*Asks:* 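Here you go, one structure.
It should be emphasised that the depicted structure is a prediction, and the values quoted were computed from it without experimental measurement.
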Amino acid sequence: MTETTGTNHIAETPDPRARIERYAAASVEPRWQARWAELGMYRTDLHDPDRKKFYLLTMYPYPSGDIHIGHWYIITPTDAIARFHRMHGENVFLPIGFDAFGLPAENAAIKNNINPRDWTMSNIDNMRRQLRTMGATFDWEAEVVTADPDYYRWNQWFFLQFLRAGLAYRKTSPVDWCPNDGTLAREQVEGADRHCWRCGARVEKRDLAQWYLKVTNYADELLDFSGLQWPEPIKTQQTNWIGRSEGGEIVFDAAPSEHHAGGAELRVFTTRPDTLFGATFMVLAPEHPLVRELTAPDRKAEVDAYLAQAANRTEIDRLSTDREKTGVAIGSDAINPVNGERIPIFVADYVLGGYGTGAIMAVPAHDERDYAFAIRYGLPIRRVVAAPGDEERELDSAYVAHAAGERLVNSGPHTGLPADEGGVAIVGELESRGKGRAAVTYRLRDWLISRQRYWGTPIPVIYCPTDGIVPVPDDDLPVRLPDTVDYHGSGENPLNRDEAFLNVACPVCGGPARRETDTMDTFIDSSWYWYRYLSPEKSGSPIDRALVGEWTPVDQYTGGAEHAVMHLLYAREWTKMMRDVGLVEQGEPFRRLFNQGQILGLDGERMSKSRGNTVDPDDLVARYGADTVRLFLMFMGPWDQGGPWSPTGIGGVHRFLNRVWTLLLDASGREPGDPDAGMLPAGESDADARAGLRSAAHKTLRDVTADYEAFRFNTMIAKLMELANTLFRYRGTSVAGSAEWDEAIRLLLLMLAPAAPHITEELWSRRLVERGEPWVSIHAQTWPEVDPSAVVESTREIPVQVNGKLRDKVVVAADATPAEIEAAVLARDKIKAILDGRAPDRIVVAGGGKLVNLVVR
RNA sequence: GGGCGAGUGGCGGAAUGGCAGACGCGCCGGCCUUAGGAGCCGGUGCCGCGAAAGCGGCGUGGAGGUUCGACCCCUCUCUCGCCUACCA
């Protein structure tokens with residue numbers, strides 16, 4: 001290494017800057033990055049039996065082309081966590097890969113007339129290079145690229161496994177359809193105006209035959225987060241998304257009429273079976289299969305018009321906040337199973353086809369939506385639940401509260417029962433007659449995975465005129481995407497026109513058949529990639545079961561909270577499906593989850609290339625170095641908070657690193673600007689100073705260790721700055737160069753190493769040269785231990801309050817008893833003056849002597 | 001409409017029942033410099049009194065409450081951000 005050290009030639013030089021070499025990140029950082037790569041320092045030995053394993057996963061990036069400051073914000077603290085754990089002797093696995101399928105590649109391809117694969121792969125090359133400039137310790141040997149046939153063939157393989165297990169199925173139903181992206185899963189439709197999560201276009205409904213995964217099987221299990229250390233808001237969001245409701249399913253029969261024989265079963269789901277006697281009409285969703293059958297001939301024109309209008313509904317009133325309830329009567333009645341009453345049937349779009357049974361019994365007295373509808377169309381409102389004394393009171397809105405002592409009214413034989421008992425009794429009675437049962441409904445839907453796009457995993461299915469739906473045999477996998485694509489300048493899936501891809505012999509009968517041209521939702525790629533990291537080259541199976549058994553679930557996952565009900569839910573569902581087809585033992589993928597915040601652009605919006613508000617870190621790295629950028633991102637604020645990007649203040653952390661550099665290279669130097677340079681603070685002896693320094697260093701170590709463990713990087717860095725400031729105060733004094741000084745310097749470097757890996761490695765190596773010791777990387781050092789004896793104090797200063805206001809401070813021995821503290825406080829002149837002869841009514845010695853409060857009334 | 005989160009100096013933020021404002025930016029003063037958008041030292045919540053040391057008052061969106069003591073816990077309320085959207 002370099003031979004220069006500042007201590008050899010000291011104070012005569014007039015300009016201190018001429019004396020020591022300046023910190024030049026631009027030359028230091030690439031040199032160490034190359035050295036680490038050369039030594040393979042971060043290649044993980046997945047088979048090491050001795051060390052405790054630590055699987056640290058960070059959400060893999062989409063290869064949009066450029067790494068921006070937001071990527072750094074996610075990755076560099078994650079890297080610090082990895083380095084911190086390595087210094088604790090753990091075998092850390094920190095892989096990286098690319099989420100390489102998806103629409104932006106296709107859009108770029110159409111726009112620039114290039115192949116999506118070429119576009120994606122060249123972006124990945126660029127991003128690999130940029131990622132390396134961070135100094136992050138990724139194990140590049142484990143890299144996964146999802147657009148690689150060696151990866152996506154296993155998506156196909158999983159699909160076939162799930163198909164065999166009954167977890168995948170094909171169904172024709174109204175699906176959410178985006179004009180650009182084709183089919184969307186329910187959670188990929190956002191907002192009141194129902195726009196596409198990816199492109200923002202308005203989403204329509206279309207009837208299509210599509211592939212689904214049966215994730216609703218897992219609804220209850222997904223509500224169970226026991227054993228997971230996940231942030232509460234994410235658990236809440238997932239719980240709300242799954243949306244479990246308990247209630248009853250009740251069977252109404254269609255009443256006979258001139259146009260219908262009656263008897264058709266109309267099932268409704270309700271969470272309020274206790275209000276069944278209050279049902280005064282019934283509402284079917286526009287998609288309900290019995291709408292057409294039950295519509296009276298004289299109502300047909302109006303109903304048809306309404307159904308057509310409902311299909312376009314989102315366009316009509318996309319911005320209206322309180323949507324008017326609309327609907328039309330279909331000219332048939334239903335029979336209420338509890339009292340035989342005939343109630344009219346309506347079709348209205350406030351009832352959703354996809355939730356519950358797509359039909360409701362309307363109880364306007366006790367449901368706000370039903371109330372609004374009844375008022376608008378002049379339908380009867382009958383109160384059936386009332387709090388004591390309210391029985392006769394007129395309703396001016398739906399009564400939905402749950403007041404104590406509520407009882408059923410107007411409910412036939414159940415009148416007078418407490419409401420909750422009444423509900424149970426009604427369901428029980430219906431059940432005995434085969435007209436109802438207790439039921440649970442979920443908001444969660446099955447996962448619609450078909451996408452009408454080229455750039456994704458082909459769904460491995462063949463349609464044969466004679467044999468129907470035929471799975472592609474495992475041996476024929478992967479079904480490869482053709483390399484040459486011709487978009488004809490449109491977004492239509494080019495696979496539909498690719499005769500070579502389309503035409504295939506049926507695996508069963510050998511006759512001519514056609515391939516499925518839909519591809520899979522790219523969230524499938526991200527639902528298992530961390531298992532593949534453990535064996536990216538494995539060819540005979542998707543995962544290495546021994547390694548997966550040993551290394552997963554992932555110990556720590558870091559990434560953004562925006563995937564709360566998408567990726568993070570799909571990942572849990574997929575692992576459960578893998579478990580159920582016998583591939584993994586566990587049912588949960590990630591033990592501990594941390595959601596870092598998001599860095600927003602200067603416009604306050606989420607950074608994205610399409611918005612054009614990304615911040616390129618390359619300029620900052622060129623000017624200050626990667627360590628400064630890393631440290632600045634960690635210092636900005638709490639990691640889970642994020643915030644708008646502003647480089648204001650980056651000079652502060654850069655100055656800090658320069659000061660650390662100076663402390664190492666020029667401990668004895670003195671600054672001309674300091675009038676007290678070279679002198680100990682007034683009244684402090686050399687021994688005091690040395691003991692104080694040692695104490696400060698060990699207290700810092702204690703606190704910094706806790707901050708790393710809790711991912712509190714901002715306060716961690718603040719404490720290191722404080723220690724550096726303390727050291728700087730003693731620079732050039734008799735303390736500099738003492739054993740205590742040396743220990744403090746050593747601790748400072750070790751504590752800083754995970755966050756600022758390059759400068760600490762450089763300074764560490766120079767320190768070793770100076771001491772004549774052989775080189776060992778600082779990143780291979782063991783995390784130091786706090787010396788408890790160094791952090792104990794002989795005295796302590798206790799704040800003294802009078803009636804809760806700070807008035808004085810008193811210094812007592814560290815082991816002073818409460819009585820001694822009390823006596824010391826009362827002996828203070830200032831306290832005597834404030835008390836003015838009065839005796840305190842009460843003396844609170846709080847927190848084991850942390851504070852004293854005198855109460856005077 | 002519902003859910004989650006957050007409101008603290010000029011700014012980023014610290015302190016989760018015990019000295020509010022750590023650390024950093026910015027600003028002010030000084031040193032050093034041919035020079036400084038470099039470096040170093042000191043100061044810096046607001047208001048008042050004081051030459052100063054210092055003293056006093058106010059202060060964590062607002063209003064109440066619990067407590068010896070509240071940025072922190074409770075109730076109500078306002079503002080902002082994110083998520084969600086008629087879920088029977």
Side-chain angles (χ1 to χ4, degrees), chain A residues 14-17 22 187 189-194 231-234 236-237 239-241 243 245 247 268-272 275 283 321-323 325 348-352 354-357 359-363 367-370 372-373 441-443 561-562 564-565 597-598 600 604 606 632 635-638 640-644 646 648-653 655-656 658-659 662 670-677 712 714-722 725 728-729 731 797-809 840-847 850-857:
Chain A
D15 181 356
R17 290 169 308 282
R22 300 196 65 177
E187 50 277 6
V189 180
E190 296 183 334
D193 59 337
R194 299 177 43 77
E232 286 304 323
I234 298 288
T236 306
Q237 274 189 66
T239 301
N240 292 343
W241 188 261
S245 300
V268 304
F269 174 75
T270 179
T271 54
R272 296 291 306 277
T275 64
V283 185
T321 43
D322 56 331
R323 271 153 283 184
K325 301 282 178 285
D349 66 359
Y350 81 90
V351 171
L352 307 175
Y355 180 75
T357 61
I360 62 158
M361 62 176 210
V363 184
D367 182 279
E368 285 170 16
R369 296 152 302 184
D370 298 345
F373 193 86
T441 293
Y442 301 90
R443 210 182 91 121
E562 65 275 17
V565 293
Q598 260 185 359
L600 307 175
R606 204 176 286 172
F632 178 59
F635 184 62
M636 275 174 30
D640 57 3
Q641 197 171 291
S646 164
T648 306
I650 193 170
V653 288
R655 192 169 300 128
F656 162 62
N658 272 305
R659 282 159 73 88
T662 304
R670 294 170 190 183
E671 295 301 323
D674 182 0
D676 300 321
R712 288 187 302 249
N714 56 330
T715 52
M716 179 276 286
I717 291 165
K719 283 157 195 162
L720 292 181
M721 286 173 164
E722 275 186 272
N725 290 345
F728 229 84
R729 206 144 50 230
R731 181 166 164 256
E797 189 184 58
I798 298 176
V800 181
Q801 296 180 338
V802 177
N803 290 334
K805 283 184 188 206
L806 180 70
R807 295 297 180 188
D808 197 10
K809 292 182 183 184
D841 295 294
R842 192 175 157 190
I843 300 175
V844 181
V845 180
K850 240 199 282 184
L851 174 143
V852 174
N853 190 15
L854 305 180
V855 185
V856 189
R857 290 291 172 229

*Asks:* Would you tabulate the nitrogen or oxygen pairs shorter than 3.5 Å linking the protein to nucleotides 22-24 of chain B?
*Replies:*
{"from": "B:A22", "atom 1": "O2'", "to": "A:Glu722", "atom 2": "OE1", "distance (Å)": "3.4"}
{"from": "B:G24", "atom 1": "OP1", "to": "A:Asn725", "atom 2": "ND2", "distance (Å)": "3.0"}

*Asks:* Kindly say if A:Tyr350 contacts the phosphate of B:A88, meaning a side-chain N or O under 4.0 Å from OP1 or OP2.
*Replies:*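 It does not, given that no N or O in the side chain of A:Tyr350 lies less than 4.0 Å from OP1 or OP2 of B:A88.
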
*Asks:* Considering every strand shown, what is the Watson-Crick or G-U wobble mate of B:A6 when both distances are under 3.5 Å?
*Replies:*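 Looking at the geometry, B:A6 pairs with B:U79.
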
*Asks:* For A:Arg729, answer base if it contacts any base atom (sugar-phosphate contacts may also be present), sugar-phosphate if it contacts only those atoms, and nothing otherwise; contact means non-hydrogen atoms under 4.0 Å.
*Replies:*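 No contact.
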
*Asks:* Under 4.0 angstrom, heavy atoms only, what part of the nucleic acid is A:Asn240 near: base, sugar-phosphate, or nothing?
*Replies:*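 It contacts sugar-phosphate atoms only.
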
*Asks:* Any side-chain N or O of A:Arg22 under 4.0 Å from OP1/OP2 of B:G39?
*Replies:*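 So the side-chain polar atoms of A:Arg22 never come under 4.0 Å of the phosphate oxygens OP1 or OP2 of B:G39.
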
*Asks:* Give me the distance, rounded to whole Å, that separates B:C73 from B:U16 when you measure between the C1' atoms they each carry.
*Replies:*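 Here B:C73 and B:U16 have their C1' atoms 10 Å from each other.
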
*Asks:* Please state the C1' separation for the pair B:C80 and B:A35 - nearest whole angstrom.
*Replies:*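 Here B:C80 and B:A35 have their C1' atoms 47 Å from each other.
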
*Asks:* Using heavy atoms to find the nearest nucleotide of RNA chain B for A:Arg842 and A:Gly637 separately, return the residue whose nucleotide is more 5′.
*Replies:*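 The residue mapped nearer the 5' terminus is A:Gly637.
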
*Asks:* If we ignore angles and hydrogens, is there a donor and acceptor under 3.5 Å between the side chains of A:Arg443 and A:Asn240?
*Replies:*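 Distance-only check fails for A:Arg443 and A:Asn240.
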
*Asks:* Measure all distances between protein nitrogen or oxygen atoms and nitrogen or oxygen atoms of nucleotides 56-61 of chain B, and list the pairs falling under 3.5 Å.
*Replies:*
{"from": "B:G57", "atom 1": "OP1", "to": "A:Arg807", "atom 2": "NH2", "distance (Å)": "3.2"}
{"from": "B:G57", "atom 1": "OP2", "to": "A:Arg807", "atom 2": "NH1", "distance (Å)": "3.2"}
{"from": "B:C58", "atom 1": "OP2", "to": "A:Lys805", "atom 2": "NZ", "distance (Å)": "3.1"}

*Asks:* By the 4.0 Å heavy-atom rule, please label A:Gln641 as base, sugar-phosphate, or nothing.
*Replies:*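 Touches sugar-phosphate only.
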
*Asks:* Looking at every strand, decide which applies to A:Val351 at a 4.0 Å heavy-atom threshold: base, sugar-phosphate, or nothing.
*Replies:*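 A:Val351: base contact, heavy atoms under 4.0 Å.
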
*Asks:* Look at all strands and tell whether A:Phe656 reaches a base, only sugar-phosphate, or nothing, counting heavy atoms closer than 4.0 Å.
*Replies:*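 No contact.
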
*Asks:* For RNA chain B, whose closest nucleotide is more 5', that of A:Pro638 or that of A:Asn658?
*Replies:*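 Counting from the 5' end, the first nearest nucleotide belongs to A:Pro638.
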
*Asks:* With both distances kept under 3.5 Å, what pairs with B:C40, Watson-Crick or G-U wobble?
*Replies:*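 The base-pairing partner of B:C40, which may sit in any strand shown, is B:G30.
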
*Asks:* Using atom C1' in both nucleotides, what's the gap between B:C86 and B:A22 to the nearest angstrom?
*Replies:*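 So the two C1' atoms sit 50 Å from each other.
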
*Asks:* Grab the CG-P distance between A:Asp349 and B:A88 for me, whole Å please.
*Replies:*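 Spelled out: CG on A:Asp349 to P on B:A88 is 17 Å.
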
*Asks:* With syn defined as a glycosidic angle within 90° of 0 and anti as the rest, where does B:G9 land?
*Replies:*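 Classified syn.
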
*Asks:* Step by step, would you call A:Asn658 with A:Arg22 a side-chain hydrogen bond (donor to acceptor under 3.5 Å, both in side chains)?
*Replies:* CA-CA 8 Å; A:Asn658 272 305; A:Arg22 300 196 65 177; 5.5 Å; no

*Asks:* Once you round it to whole Å, what is the distance between C1' of B:C68 and CG of A:Asn803?
*Replies:*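 It works out to 8 Å between those atoms.
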
